[in-house]
Amino acid sequence: MEGGCVEEASSDWVKRLHVSKVPQHIGSGVSVVLDPSAEGGGIEAESRKLSSSWYKGVVPQPNGRYGSQIYERHQRVWLGNFGDEAEAARAYDVAAQRFRGCDAATNFKPLTESNDEEAAELSFLVAHSEAEIVDMLRKHTYHDEFHQSKQTLRSAREILFDKVVTPSDVGKLNRLVIPKQHAEKHFQLKSGSSVARNGVLLNFEDAAGKMWRFRYSYWNSSRSYVVTKGWSRFVKEKSLKAGDLVSFWRSTGSEKQLCIDWKTSPVACNRAVPPAIRPLPVVKLFGVDISGVPARGDDGKRGREMELFPPPQFFKKQFVEAL
DNA sequence: CTATGTGTTGAT
DNA sequence: TCAACACATAGG
């Protein structure tokens, strides 16, 4: 439900910026005269009246600071005061995107799901009430809370199930079979519905915080539940090999975010892959179908490979035996 | 006392 | 909806 806004969104914020007001001094060279009486005197202007030309939702305060506000249902919602207008503008943007969704006009580039960090923020936004977000903005604690939530999310999670991937799961079939037992328990699809036929897109966050978006559906032909679109990319990024373990989790926090982790099979590790490109305990990559995107778009910054995520109950009997 | 946020109005 | 601006009042 939270995945309301999707891809391509980054293209029109620029338009909005120009449509809405930006600064007074725009490229056209036309200087906006707000106070006719002051214009003649030149610089005098700003000293008397509060000049404006602010960002959307930002209102200058007598003390030189900047208030932020948004209107909702015929009423003003105060978002707090800030030291500089850009900060106030960012507060407005946050509120706008929470109140009005991804299509809301914003001062800066709106959040999109095509970016890890932004997608995480988007779900954070949706996971909190409007009142909570407003409260955070007014107290200037929004950023802290957001980053904090990412920590919590990553640490507090419960295992749903795991699976030792088969050769076909990592082969050319580009799909992962979800054992029926687990599929029906954790990833239910309304049978008969269009959702069941077309499948549904599910977001999974890995231990590093990267998001993966997979298409999950039911194949009548084989009467099995499968993860298709997006899976091959995961296999590739993680260099998954048959015998490796993939585990599915769900955060226990309010966001109930689905998570995915993987663990290389000791055997598989020995017999194949060159250590050089092997590791990456966890790869992040945010959802959205990056499969069709030019290689340059998604990676670029493979950045942080981090320390191994505290291994769950990996390599338990089941796993070892399976080898 | 000052900073903050509300009342209120006129304009999109 | 939105921001300009007056001003009550929360807060130190």
Side-chain angles (χ1 to χ4, degrees), chain A residues 1-6 8-113 118 121-122 124-148:
Chain A
M1 287 314 165
E2 75 282 325
C5 30
V6 195
E8 68 224 302
S10 53
S11 59
D12 20 310
W13 72 274
V14 174
K15 297 179 203 163
R16 282 201 286 276
L17 259 186
H18 287 283
V19 170
S20 65
K21 58 180 38 168
V22 187
Q24 327 250 340
H25 24 306
I26 313 181
S28 58
V30 178
S31 65
V32 180
V33 179
L34 291 167
D35 184 349
S37 68
E39 181 60 1
I43 311 160
E44 294 283 315
E46 50 210 324
S47 64
R48 54 176 63 246
K49 279 314 186 178
L50 295 173
S51 86
S52 103
S53 100
W54 310 108
Y55 292 98
K56 185 175 177 57
V58 176
V59 49
Q61 292 292 66
N63 54 343
R65 288 164 62 79
Y66 303 87
S68 182
Q69 61 184 22
I70 187 171
Y71 283 80
E72 184 70 5
R73 207 195 95 77
H74 231 272
Q75 275 200 313
R76 169 177 48 204
V77 177
W78 189 252
L79 304 175
N81 272 289
F82 303 85
D84 65 84
E85 53 181 329
E87 198 182 344
R90 282 192 294 274
Y92 173 85
D93 284 5
V94 169
Q97 288 170 94
R98 175 62 185 82
F99 282 66
R100 304 166 181 171
C102 302
D103 293 332
T106 52
N107 293 295
F108 304 106
K109 184 172 183 280
L111 301 171
T112 69
E113 297 222 9
E118 296 178 3
E121 185 169 347
L122 235 22
F124 170 79
L125 227 40
V126 175
H128 292 77
S129 70
E130 296 175 355
E132 288 175 318
I133 297 298
V134 168
D135 200 62
M136 290 183 236
L137 292 174
R138 290 181 67 150
K139 292 178 178 172
H140 298 187
T141 60
Y142 177 78
H143 258 68
D144 285 342
E145 301 238 22
F146 168 50
H147 287 104
Q148 220 174 286

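Only heavy atoms go into these numbers, but all of them, side chains included; no hydrogens, no water, no symmetry mates. Protein chains get the first letters and strands the later ones, always in sequence-line order, with residue 1 at the start of each.
- Straight-line distance from the OH atom of A/Y55 to the P atom of C/dA4: 15 Å, rounded to whole Å.
- Between A/K56 atom NZ and C/dT1 atom P the separation is 10 Å, expressed in whole Å.
- Across A/R65 and A/N81, no two heavy atoms sit closer than the pair NH2-O, 3.6 Å.
- Applying the salt bridge (charged side-chain N to carboxylate O under 4.0 Å, His left out) test to pairs two or more places apart or on separate chains, none has a residue in residues 92-102 of chain A.
- Rounded to a whole Å, the CG atom of A/N107 is 13 Å from the C1' atom of C/dA3.
- The footprint of chain A on DNA chain B, defined by a heavy-atom cutoff below 4.0 Å, extends from B/dA3 to B/dT8.
- Take the nearest nucleotide of DNA chain C for A/R73 and for A/V59: the residue whose nucleotide is more 5' is A/R73.
- Among residues two or more places apart in sequence or in another chain, the side chain to side chain donor-acceptor pair (under 3.5 Å) test is passed with A/E132 by A/S129.
- Whole-Å rounding puts the A/I70 CD1 to C/dC2 P distance at 7 Å.
- The salt bridge (charged side-chain N to carboxylate O under 4.0 Å, His left out) pairs that include a residue from residues 67-78 of chain A number zero, where partners must be two or more places apart or lie in different chains.
- Under the ring pair (Phe, Tyr, Trp, His ring centres under 6.0 Å) criterion, A/F124 pairs with A/H128, A/Y142, A/F146, not counting sequence neighbours.
- The interatomic distance linking A/Q61 (CD) with C/dC7 (P) rounds to 15 Å, in whole Å.
- Checking C/dC2, C/dA4, C/dT1 against the side-chain heavy atoms of A/P60 singles out C/dA4 as nearest.
- Atom CZ in A/F99 sits about 11 Å away from atom P in C/dT1, given to the nearest Å.
- Evaluation of the salt bridge (charged side-chain N to carboxylate O under 4.0 Å, His left out) rule for A/D135 yields A/K139 as partners, not counting sequence neighbours.
- With A/Q97 contributing its side chain and A/L111 its backbone, the two residues share a donor-acceptor pair below 3.5 Å.
- Within residues 76-83 of chain A, the residues that have a heavy atom under 4.0 Å from DNA chain B are, in order of number, A/R76, A/W78, A/G80, A/N81.
- For A/N63 and C/dA10, the CG to P distance is 18 Å, given to the nearest whole Å.
- Every pair passing ring-ring contact (aromatic ring centres under 6.0 Å, His included) that includes a residue from residues 71-103 of chain A is listed here, sequence neighbours excluded: A/F82-A/H140.
- The salt bridge (charged side-chain N to carboxylate O under 4.0 Å, His left out) search around A/E118 returns A/K109, not counting sequence neighbours.
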